[in-house]
Amino acid sequence: MYLRLKQIEFPVSSPESLKNLKAGDEVLLSGVIYTARDRVHRLVAEGRAEWPFELKNNAVYYCGPTPASEGFPMGSCGPTTSARMDKWTAGLYFRGLAATIGKGPRNEVVRRSIKDAGAVYFSAFGGCGALYGSRVLKASVIAFDDLGPQAVYRAEIKNFPVVVGIDPSGNNIFENLKF
Amino acid sequence: MNEETFSGKLSEEIINSTRVVPGSLKDAIEKAAAEAEGLEKKVLEKIVENCRIASASRVPVCQDTGVFEIWLNIGKDASVKGIDFSRAVSAALKEAHEKGGLRRSMDPEIAGAVHISFCGGAAVEAIITPRGFGSENYTFLRSLPPGASDADVKEAVIEETAKASARPCPPYVIGVGLGGTASSAVELSAKALTEIDFSPSGLEKEILDGINLTGTGAGGMGGRFTAIGIKIKRMPAHIAGLPLCVHVGCWCNRVSVFKIETD
């Protein structure tokens, strides 16, 4: 039996668009997403910077890409380990962020904040930088250029394959992992 | 061989190591993908597709092009007079980052951890492995008691691997260093990652099977392919202890090797 994969386009019009997602679903993501990883999260948490894009209904991708090359506007750009961002994540969902995209398990605080917001966490396929790079149509640095790979990129993506890690009801595919 | 020749070749192989995964690893992933089911099969199929794109398009397999762990084995009869190996490695790392589109996760010229040893022959051999920090962060050192049995080693390696909790990228490859001092155990397990056995036997097989019983699975999404390869490297140990180091490597375990005859 072949089931058509669910598709989500960012930004979403409202969290309603996410309500049919179930933990373990394979989903293809398209539209516009923004990268942010350790350094930018820390700068914002310390009050030294503001988020350089609208959080509401948008998606943050935990990624530090390699430089662009021909046909790969955001180079090799797979997900980084989400757990490192856990301590800064709940506040983003509280402010209306629709999704985070990274790899691997999240802690209980993040899981609850996702449930409270009716938002989602997508786990992308780890180590697959070339694959994700081939699904980026356009990319540009919009802030923190001086941070190199940790800069915030705005990326237009088409058919990013991911799995629903934590769904809007708080179901978590990683719940059996010792963490 | 002069310094420029060596540096140029090293730079080329550093770039290559980020593009193409070793054949034995590729075969093991493809075999697992054929046998796996459900979501785990999807994860493994995506990895296969990723390796194909990286090799065909010459982009890094993984965006974390890492810190380069480099072992240089210098033959006792090699003509290396006048070669400053530290300078050559720095130059190679700098050139590889500039030409190879590698990620600047740190200052390129110092993005290497170099181990030099001496051997017979007239060649210089280099073993290169880019270490991404998704896995390097999950390197565990502990001290086992001197009389530790194979069963104790097995239990310890499985426990330490479980601590990684799918934060690196499973299916893992497991490097184990056993014996010597704490620092030599760490170096042994790092080196073990360059010698991974994908069809192990004996204790290595027992450990691999034990890790796979945890059910973490490829991508951490559940399944039976938590790890696909392992290597234990040993040194004799002091009568009062047995240092153990476990490197939990991502599936994306990149290794390049080259040898230059200097005659």
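Quick caveat, the model's predicted, so the values are computed rather than measured. To find a chain, count down the sequence lines: A is the first, B the second, and so on, and within it residues start at 1.
- When S69(A), C77(A), G102(A), C63(A) are compared by the number of non-hydrogen pairs under 4.5 Å with chain B, C77(A) comes out ahead.
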Please lay out, stage by stage, how N50(B) and F125(A) fare under the test side-chain contact (heavy atoms from CB on, under 4.5 Å). CA-CA 10 Å; N50(B) 181 67; F125(A) 299 99; over 6 Å; no
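- Smallest separation of non-hydrogen atoms from A83(A) and R167(B): CB-CD, 3.7 Å.
- With a threshold of 4.5 angstrom between heavy atoms, T65(B) approaches chain A through side-chain atoms but not through N, CA, C or O.
- Residue-environment remark: NZ (K41(B)) exceeds the threshold of 12 foreign heavy atoms within 6.0 Å.
- Within 6.0 Å of atom CG in D146(A), more than 12 heavy atoms from other residues, nucleotides or ligands are found, so the atom counts as buried in its surroundings.
- Each of P149(A), G133(A), G104(A), G148(A) has some count of heavy-atom pairs under 4.5 Å with chain B, and the biggest count is that of P149(A).
- For E70(A), no part lies near chain B; criterion is any non-hydrogen pair under 4.5 Å.
- When heavy atoms are compared at a cutoff of 4.5 Å, I47(B) approaches chain A by way of both its backbone and its side chain.
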Would V163(A) and L39(B) count as a side-chain contact (heavy atoms from CB on, under 4.5 Å) if you check the C-alpha gap in whole Å, the side-chain angles of each, and the deciding distance to 0.1 Å? CA-CA 9 Å; V163(A) 173; L39(B) 201 47; 4.0 Å; yes
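- Both the backbone and the side chain of C128(A) have a heavy atom closer than 4.5 Å to some heavy atom of chain B.
- The OG1 atom of T216(B) sits 5.0 Å away from the CG atom of L177(A) when rounded to the nearest 0.5 Å.
- The environment of CZ in R39(A) is sparse: at most 12 heavy-atom neighbours from other residues, nucleotides or ligands sit within 6.0 Å.
- Salt bridge R135(A)/E49(B): present, at least one basic N to carboxylate O contact under 4.0 Å.
- Residue P170(B): no heavy atom, backbone or side chain, is found under 4.5 Å from chain A.
- Contact annotation: the side chain of S76(A) never approaches that of V61(B) to less than 4.5 Å [non-hydrogen atoms, C-beta and beyond].
- A distance of 9.5 Å separates OG in S165(B) from CZ in F174(A), rounded to the nearest 0.5 Å.
- Side-chain contact between T66(A) and L102(B) is absent, with no heavy-atom pair separated by less than 4.5 Å.
- Annotation: maximal heavy-atom pairing with chain B below 4.5 Å, among P67(A), G127(A), G126(A), occurs at G127(A).
- Environment of NZ in K6(A): crowded, with over 12 heavy atoms of neighbouring residues, nucleotides or ligands closer than 6.0 Å.
- In this structure the side chain of I53(B) never reaches within 4.5 angstrom of the side chain of Y132(A), judged on heavy atoms.
- Minimum heavy-atom separation, R103(B) to G64(A): NH1-O, 2.6 Å.
- With values rounded to the nearest 0.5 angstrom, M221(B) atom CE is found 4.0 Å from S123(A) atom OG.
- Per-residue heavy-atom pair counts under 4.5 Å with chain A were compared for A218(B), S55(B), G220(B), C252(B), and the maximum is reached by G220(B).
- With respect to chain A, the highest number of heavy-atom pairs below 4.5 Å among A54(B), C51(B), G101(B) belongs to G101(B).
- Crowding of K233(B) atom NZ: a count of heavy atoms from other residues, nucleotides or ligands under 6.0 Å exceeding 12.
- From Q63(B), atom CD reaches atom CE of M74(A) across 9.5 Å, with rounding to the nearest 0.5 Å.
- Distance check, rounded to the nearest 0.5 Å: SG of C250(B) to NZ of K103(A) gives 5.5 Å.
- At a 4.5 Å heavy-atom cutoff, S82(A) makes no contact with chain B through either its backbone or its side chain.
- Remark: L131(A) CG to C62(B) SG distance equals 12.0 Å, nearest 0.5 Å.
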